[in-house]
Chemist: 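Sharing a structure below in structure tokens format, with a few things to ask.
Every chain is numbered from 1, with letters handed out A, B, ... down the list of sequences.
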Amino acid sequence: MIDKFVKDLNELVKQIFSIEIDLKDYRMVSFTEHGDVSTNISFELAKKLKKNPYEIAEGLSKNLFKEYGYNSYVTKPGFINIFFPDKVFVEECKKIVKTFYGKKDFNKKKVNIEFISANPTGPLVLVNLRAGIAGMMLAKVMEYSGFYVEKENYINDAGNQIYNLGASVLYHISSEKPEKFPENGYKGWYIKEIAKMFEKTFGNLNYTQKNIKKASEFAKEYILNWQKKSLKNFSIDFNNWVFESDIKEKYLDETLKILTDKNLTYLQDKALYLKTTTMGDDKDRVIIKSNGEHTYFLPDIAYHYFKIKRGFDKLIDILGPDHHGYIPRLTASIKMLKKDDVDFDVIIAQLVTILKNGQKYEMSKRTGEFITLDELSEEIDPDVLKFTILSRKLSQPFNFDIEKAKEESMENPVYYVQYSYARLSSLFDKFNLNKNELNFSFEKFENKDLRNIAKKLFEFPYIVYNVASSYEIQKIPNYLVELSSLIHQFYYNYRIIDDDRDETIKRITILYAAREIIKNGLSLMGITLKERMFKNEV
RNA sequence: GCGCCUGUAGCUCAAUUGGAUAGAGCAACGGAUUUCUAAUCCGUAGGUUACAGGUUCGAUUCCUGUCAGGCGCACCA
């Protein structure tokens, strides 16, 4: 409906003013409480034609009715507010109930979305959860918008930190060991636990290079399994786990050859540099050190080469804020390697600070002071965590108070949304609803509030597309709260099931569609649907 | 010193990407249920959008400067 209106409006402007306006360049049509949709196109035209926007708007409004039959009126500086006929909304509700509403057909584009990618040197923490939950939702949103999506987790299992991990583990059980704990070693409580288990299987081993390697392997496996288990509590999963060790073995040489063949590298002070400045970086980067070892950067380039090689049209990396300085060189390397058009988007998920009763809770992986995902999922309803995290713009750092989350949990917005779903569910049960009875052909709403609910449903696909292109995940939870609010108000203010069966069916029809939208929205967020909820049962 | 992110109600955050009266939750206060779930609804109070300029029909949003906080600036990963 909106698409058609935009087309008609564009046609009309062309006809009257002989001007073509690229509708995608700016927001021209938006949802509004002043009408069904509104347009600010007269301001844009006023600029170009040097005429009064209000007069332009009035002319357009008249012609919108004359040429296309749209009802509209003009307000103050020059907005045009348009009303659609009631039956349009009823027809949309039919689509909501009978089809995957707004789900786009497969557009033949492949997206790779990489997130979490935590080092296997310790348990996962809240920042990882933020990336994980956002990544899951974005993947679903992209799918809804017509993309083929693969979720990927990259494991740095080949660097020095793995050596340090092994050394830290072995240190605890070796009888012959150096006096000092390994420099850059890991001190978490879990290191000792892993050490105990390692000792159970392999016995008391000496502190040798060979045994450190053995301990590294053991600890890495253990921690990866632990991470997988933690993620399962939040239903976070991946299509692929990619290991740095694999990448090094299979794609490192190939990547290096391509870069040198393209003459994008040079030797200086015995180190090999990549000319990232040719692609916008502020300095060239070393990829092979003067001692012959490569830097972390090279396998990372190879990993992204591996993504390109698999034919993805769009690569999305969700990274932590400490990696923002890394973006220009990564972007540069991708430009060097890509064949055709490959989009590369980096989303920085900002820090989450944990508070306990208003006090900042300092965390550090090296010292072992932190709260794990497991503790969080034990203490706080995962649905609450998901909703809270997804309600925040990813680019915004935020504070999360654990004690408050527990205290306020009954008043949490997630329950507000879930409750609207549950209320409607039990209502339909009571009515003994038969889906075939729903009425999608009535012409007019007798009740303005019911119409408002129908109108709100209409926005859902546009919200989802918006999220798919802007990655602003918070728009979906915010929308669901707004919709739920309309539902709760309606529920309170009106008797839904009454003696007038025809009117009852009309109400039920719209509310049934509304419940479908809540279902779709919560599913995108990975949040549980509840058919029934009672406060005193919790 | 340079770069990125941020600064909105007492607290935690939104604001349709430059739109119309800056909105929610929590906390505070007052009200609503003989009715399909009160995990709900209605009302009151709370704001110079860090500060100062600029751009224009219109700025929380864009530009410049200042202040404050976080994070980066390796032949570490």
Chemist: Between atom NZ in Lys76(A) and atom P in G58(B), what is the gap in whole Å?
Modeler: 14 Å

Chemist: Please confirm whether the shortest side-chain N or O distance from Gln396(A) to OP1 or OP2 of U12(B) is below 4.0 Å.
Modeler: no

Chemist: Is Phe31(A) touching bases, backbone alone, or none of the nucleic acid, heavy atoms closer than 4.0 Å?
Modeler: base

Chemist: Please give the distance between the P atoms of C11(B) and C51(B) as a whole number of Å.
Modeler: 15 Å

Chemist: Is the backbone of Val286(A) close enough, under 3.5 Å, to the side chain of Thr295(A) for a donor and an acceptor to pair up by distance?
Modeler: yes

Chemist: Using a distance-only test with no angle check, is there a side-chain donor-acceptor pair under 3.5 angstrom linking His323(A) and Asp317(A)?
Modeler: no

Chemist: Base, sugar-phosphate, or nothing: which does Pro53(A) touch, judged by heavy atoms less than 4.0 Å apart?
Modeler: nothing

Chemist: Let me know the distance between CG of Leu480(A) and C1' of A24(B), rounded to the nearest Å.
Modeler: 14 Å

Chemist: Return yes if some donor-acceptor pair links the side-chain N/O of Thr504(A) with the main-chain N/O of Asp500(A) below 3.5 Å, else return no.
Modeler: yes

Chemist: Just by distance, do the side chain of Thr121(A) and the backbone of Leu165(A) share a donor-acceptor pair under 3.5 Å?
Modeler: no

Chemist: Give me the residues of residues 492-503 of chain A where at least one heavy atom lies under 4.0 Å from an atom of RNA chain B, by number, or none.
Modeler: Tyr492(A), Tyr494(A), Arg495(A), Ile496(A), Ile497(A)

Chemist: For Arg507(A) and Asp498(A), run side-chain contact (heavy atoms from CB on, under 4.5 Å): C-alpha distance rounded to whole Å, both residues' side-chain angles, the deciding distance at 0.1 Å, then the answer.
Modeler: CA-CA 10 Å; Arg507(A) 288 189 286 265; Asp498(A) 67 11; 3.1 Å; yes

Chemist: Regarding Phe398(A), tell me which of base, sugar-phosphate or nothing describes its non-hydrogen contacts under 4.0 Å with the strands shown.
Modeler: sugar-phosphate

Chemist: Would you kindly compare Val481(A) and Gln489(A) by the position of their nearest RNA chain B nucleotide and give the one closer to the 5′ end?
Modeler: Val481(A)

Chemist: Measure the distance from OH on Tyr465(A) to P on U16(B) and round it to the nearest whole Å.
Modeler: 20 Å

Chemist: Would you kindly check whether a donor in the side chain of Ser38(A) faces an acceptor in the base of A20(B), or vice versa, at under 3.5 angstrom?
Modeler: yes

Chemist: Checking Asn40(A) side chain against Phe79(A) main chain: does a donor-acceptor pair fall under 3.5 Å?
Modeler: no

Chemist: Can you sort out which residues in residues 382-389 of chain A have a heavy atom within less than 4.0 Å of RNA chain B? Ascending by number, please.
Modeler: none

Chemist: Indicate, with a heavy-atom threshold strictly under 4.0 Å, whether Thr353(A) touches base, sugar-phosphate, or nothing.
Modeler: nothing

Chemist: Return the set of residues passing salt bridge (charged side-chain N to carboxylate O under 4.0 Å, His left out) with Lys4(A) (not counting sequence neighbours), or none when no residue passes.
Modeler: Asp8(A)

Chemist: For G25(B) and Lys404(A) - does any side-chain N or O of the residue sit under 4.0 Å from the phosphate oxygens OP1/OP2?
Modeler: no

Chemist: Here's a test for you: under side chain to side chain contact (heavy atoms under 4.5 Å, CB included), which of Thr528(A), Asp381(A), Leu480(A), Val384(A) qualifies with Val414(A)?
Modeler: Val384(A)

Chemist: Between A27(B) atom P and Glu407(A) atom CD, what is the distance in whole Å?
Modeler: 9 Å

Chemist: Let me know which of Phe5(A), Tyr479(A), Phe89(A) forms a ring-ring contact (aromatic ring centres under 6.0 Å, His included) with Phe458(A).
Modeler: Phe89(A)

Chemist: Out of G58(B), U40(B), G72(B), which nucleotide sits closest to the side chain of His324(A)?
Modeler: G72(B)

Chemist: If pairs are Watson-Crick or G-U with both distances under 3.5 Å, what is the dot-bracket string of RNA chain B, marking crossing pairs with [ ] and pairs to another strand with |?
Modeler: (((((((..((((.....[...)))).(((((.......))))).....(((((..]....))))))))))))....

Chemist: Given Tyr415(A) and Tyr419(A), is the ring pair (Phe, Tyr, Trp, His ring centres under 6.0 Å) satisfied, shown in steps?
Modeler: CA-CA 6 Å; Tyr415(A) 295 116; Tyr419(A) 184 44; 10.0 Å; no

Chemist: If you measure from the P atom in G65(B) to the same atom in A20(B), how many Å do you get, rounded?
Modeler: 29 Å

Chemist: Nearest to the side chain of Tyr416(A), heavy atoms from C-beta on, is which of A14(B), A20(B), U40(B)?
Modeler: U40(B)

Chemist: Mind checking if Ala422(A) touches a base, just sugar-phosphate, or nothing, with heavy atoms under 4.0 Å?
Modeler: base

Chemist: Between A20(B) and Asn81(A), counting only base atoms on the nucleotide and side-chain atoms on the residue, is there a donor-acceptor pair under 3.5 Å?
Modeler: yes

Chemist: Report the distance from atom CZ of Phe490(A) to atom C1' of U35(B), rounded to the nearest whole Å.
Modeler: 15 Å

Chemist: Rounded to the nearest Å, what distance is computed from the CG atom of residue Leu319(A) to the P atom of nucleotide C71(B)?
Modeler: 18 Å

Chemist: Can you tell me which nucleotide in A15(B), U6(B), U37(B) comes closest to the side chain of Ser426(A)?
Modeler: U37(B)

Chemist: State which residues pass salt bridge (charged side-chain N to carboxylate O under 4.0 Å, His left out) with Lys386(A); sequence neighbours excluded, sorted by chain then number.
Modeler: none

Chemist: Looking at Gln161(A) and Asn156(A), would you say the former's side chain and the latter's main chain have a donor-acceptor pair under 3.5 Å?
Modeler: yes

Chemist: Is a donor from one side chain sitting under 3.5 angstrom from an acceptor on the other, for Ser72(A) and Ser61(A)?
Modeler: yes

Chemist: Once you round it to whole Å, what is the distance between P of A14(B) and CG of Leu390(A)?
Modeler: 12 Å

Chemist: Taking 5.5 Å and 30° as the limits, would you call Phe534(A) and the base of A39(B) a stacked pair?
Modeler: no

Chemist: Got a list of protein N/O to nucleotides 73-77 of chain B N/O distances below 3.5 Å?
Modeler:
| residue | atom | partner | partner atom | Å |
| --- | --- | --- | --- | --- |
| C75(B) | O2 | Ser290(A) | N | 2.7 |
| C75(B) | O2 | Ser290(A) | OG | 2.8 |
| C75(B) | N3 | Ser290(A) | OG | 3.2 |
| C75(B) | N4 | Asp269(A) | O | 3.2 |
| C76(B) | OP2 | Lys289(A) | NZ | 2.5 |
| A77(B) | OP1 | Lys289(A) | NZ | 3.4 |
| A77(B) | OP2 | Tyr296(A) | N | 3.1 |
| A77(B) | O3' | Gln161(A) | OE1 | 3.0 |
| A77(B) | O2' | Gln161(A) | OE1 | 3.1 |
| A77(B) | O2' | Gln161(A) | NE2 | 3.3 |

Chemist: Using a heavy-atom cut-off of under 4.0 Å over every strand shown, decide if Tyr462(A) touches base, sugar-phosphate, or nothing.
Modeler: nothing

Chemist: Can you tell me if Asp157(A) and Ser245(A) form a side-chain donor-acceptor pair at under 3.5 Å?
Modeler: yes

Chemist: Between C1' on C41(B) and CD1 on Ile453(A), what's the gap in Å once rounded to a whole number?
Modeler: 14 Å

Chemist: Where the side chain of Pro77(A) is concerned, which of A39(B), U40(B), C57(B) is the nearest nucleotide?
Modeler: C57(B)

